[in-house]
Protein chains: 2
Amino acid sequence: MTSENLELRKVGLKITLPRVKIFKLLETMSLQNEHVSAEDVYHHLLKRGESIGLPTVYRVLAQFESAGLVVRRHLFKGRSVFELASDDHHDHIVCLDSSEIIEFRDHIIERRQQEIAQQHNVELVDHTLVLYVRKSN
Amino acid sequence: MTSENLELRKVGLKITLPRVKIFKLLETMSLQNEHVSAEDVYHHLLKRGESIGLPTVYRVLAQFESAGLVVRRHLFKGRSVFELASDDHHDHIVCLDSSEIIEFRDHIIERRQQEIAQQHNVELVDHTLVLYVRKSN
DNA sequence: TTACGTGCAAATCTTTTGCAAAGCA
DNA sequence: TGCTTTGCAAAAGATTTGCACGTAA
């Protein structure tokens with residue numbers, strides 16, 4: 001049993017070809033810190049000769065999100081991007097000039113977020129921190 | 001000359017009825033910490049008997065954004081919400097149960113973001129910090 | 001007057017849904 | 001086999017665009 005299959009089984013999803021293809025692609029992309037939209041996933045798979053339908057990509061990504069395998073982010077207007085979930089929380093710097101995305105980790109901010117949630121008497125489930133920047137001259 | 005007109009003139013936008021209506025509405029909404037979508041603006045205006053077209057709302061909001069009068073946020077999937085720009089930076093807590101939005105301000109996080117931008121040698125233009133929470137039991 | 005702005009309808013883009021056929025356990 | 005998943009086509013939701021008419025300066 002491959003690692004993808006284990007992950008899928010763990011969250012109660014039946015092992016199907018589309019799910020495995022998409023999970024593997026996300027693994028590759030996440031290793032490279034790439035953030036992909038549903039359309040991106042679809043085109044990557046088509047380009048390598050895989051056969052898949054766009055609605056299936058949307059459905060599978062939504063299932064992965066519900067299962068906690070994947071995190072959906074609203075970094076841009078009009079479309080969601082996805083990355084494999086990981087214990088290693090990180091945030092994003094988005095360059096307004098190049099649309100390049102840089103990931104960063106910061107303990108001070110992470111800790112402070114927890115404190116703020118506590119102050120408001122709510123349970124912190126997730127967070128999005130995006131710094132929109134331009135390259136300094 | 002009313003204050004709305006001054007603001008519009010300041011950023012080089014001609015004073016027109018739709019722009020004034022939308023600006024006033026945003027002023028009211030922002031005072032109440034409401035975050036409105038283009039559709040929301042459209043329906044609020046229709047409800048109070050104003051005549052306006054939805055494409056105009058989208059166009060005016062985009063113009064206001066370019067002019068720096070309003071900030072566009074991607075708090076949810078699939079649609080943008082807008083609020084009047086202000087010097088007083090704040091961030092958002094979004095309740096996943098009720099979709100309620102709470103604003104908060106935190107100097108520690110603000111300062112830390114500046115430091116992170118400096119470390120990456122980029123100029124911080126804007127940021128979005130959203131804490132997604134559930135009500136603690 | 002004259003360039004700019006608006007409204008309507010239609011187009012576009014992203015995402016979702018209905019349903020018949022195919023696939024996994 | 002039986003229930004789940006997929007693929008296609010079509011629908012839906014958000015946003016944008018083309019164009020003729022209206023309006024601020």
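Chain letters run A, B, ... following the sequence lines, proteins first and then strands; every chain starts at 1.
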Here's a test of your reading of the structure: between B:Val60 and B:Gly78, which maps to the more 5' nucleotide of DNA chain C? B:Val60
Do the side chains of B:Glu103 and B:Glu83 get nearer than 4.5 Å, heavy atoms only? yes
Measure [atom1]/[X] against [atom2]/[N] and give the value in whole Å, please.
| X | N | atom1 | atom2 | result |
| --- | --- | --- | --- | --- |
| B:Glu65 | D:dT15 | CD | C1' | 13 Å |
| B:Arg19 | C:dG7 | CZ | C1' | 14 Å |
| B:Leu61 | D:dA14 | CG | C1' | 13 Å |
| A:Tyr42 | C:dT15 | OH | P | 14 Å |
| B:His74 | C:dT15 | NE2 | C1' | 17 Å |
| A:Arg72 | C:dT14 | CZ | P | 14 Å |
| B:Glu39 | D:dT15 | CD | C1' | 10 Å |
| A:Lys77 | C:dC13 | NZ | P | 13 Å |

Can A:Glu123 and B:Arg134 be said to form a salt bridge (Lys or Arg N to Asp or Glu O under 4.0 Å), step by step? CA-CA 5 Å; A:Glu123 180 199 352; B:Arg134 291 193 192 287; 5.9 Å; no
Once each nucleotide of nucleotides 19-25 of chain C is scored for protein heavy atoms under 4.0 Å, what B/S/- sequence comes out, 5' to 3'? -----SS
Would you check if there is a donor-acceptor pair between the side chains of A:Glu34 and A:His44 at a distance under 3.5 Å? no
Is a donor from one side chain sitting under 3.5 angstrom from an acceptor on the other, for A:Asp91 and A:His127? yes
May I ask you to say what B:Ser80 touches in the nucleic acid, namely base, sugar-phosphate or nothing, with a heavy-atom cut-off under 4.0 Å? sugar-phosphate
Residues within residues 44-55 of chain A bordering DNA chain C, heavy-atom distance below 4.0 Å: A:Leu54, A:Pro55
Within the pair B:Tyr58 and D:dT15, is there a side-chain N or O less than 4.0 Å away from OP1 or OP2? yes
Salt-bridge test for A:Glu7 and A:Lys10: reply yes if a basic N is under 4.0 Å from a carboxylate O, no otherwise. yes
Minimum heavy-atom distance between A:Ala117 and A:Leu124, given as atom pair plus value: CB-CB, 3.9 Å
Show your reasoning for whether salt bridge (Lys or Arg N to Asp or Glu O under 4.0 Å) applies to B:Arg112 and A:Glu110. CA-CA 11 Å; B:Arg112 193 75 190 118; A:Glu110 297 283 328; over 6 Å; no
Taking A:Ser30 for its side chain and A:Leu84 for its backbone only, find out whether a donor-acceptor pair lies under 3.5 Å. yes
Could you tell me whether a side-chain N or O of A:Lys77 sits under 3.5 Å from a main-chain N or O of B:Arg72, the two making a donor and an acceptor? no
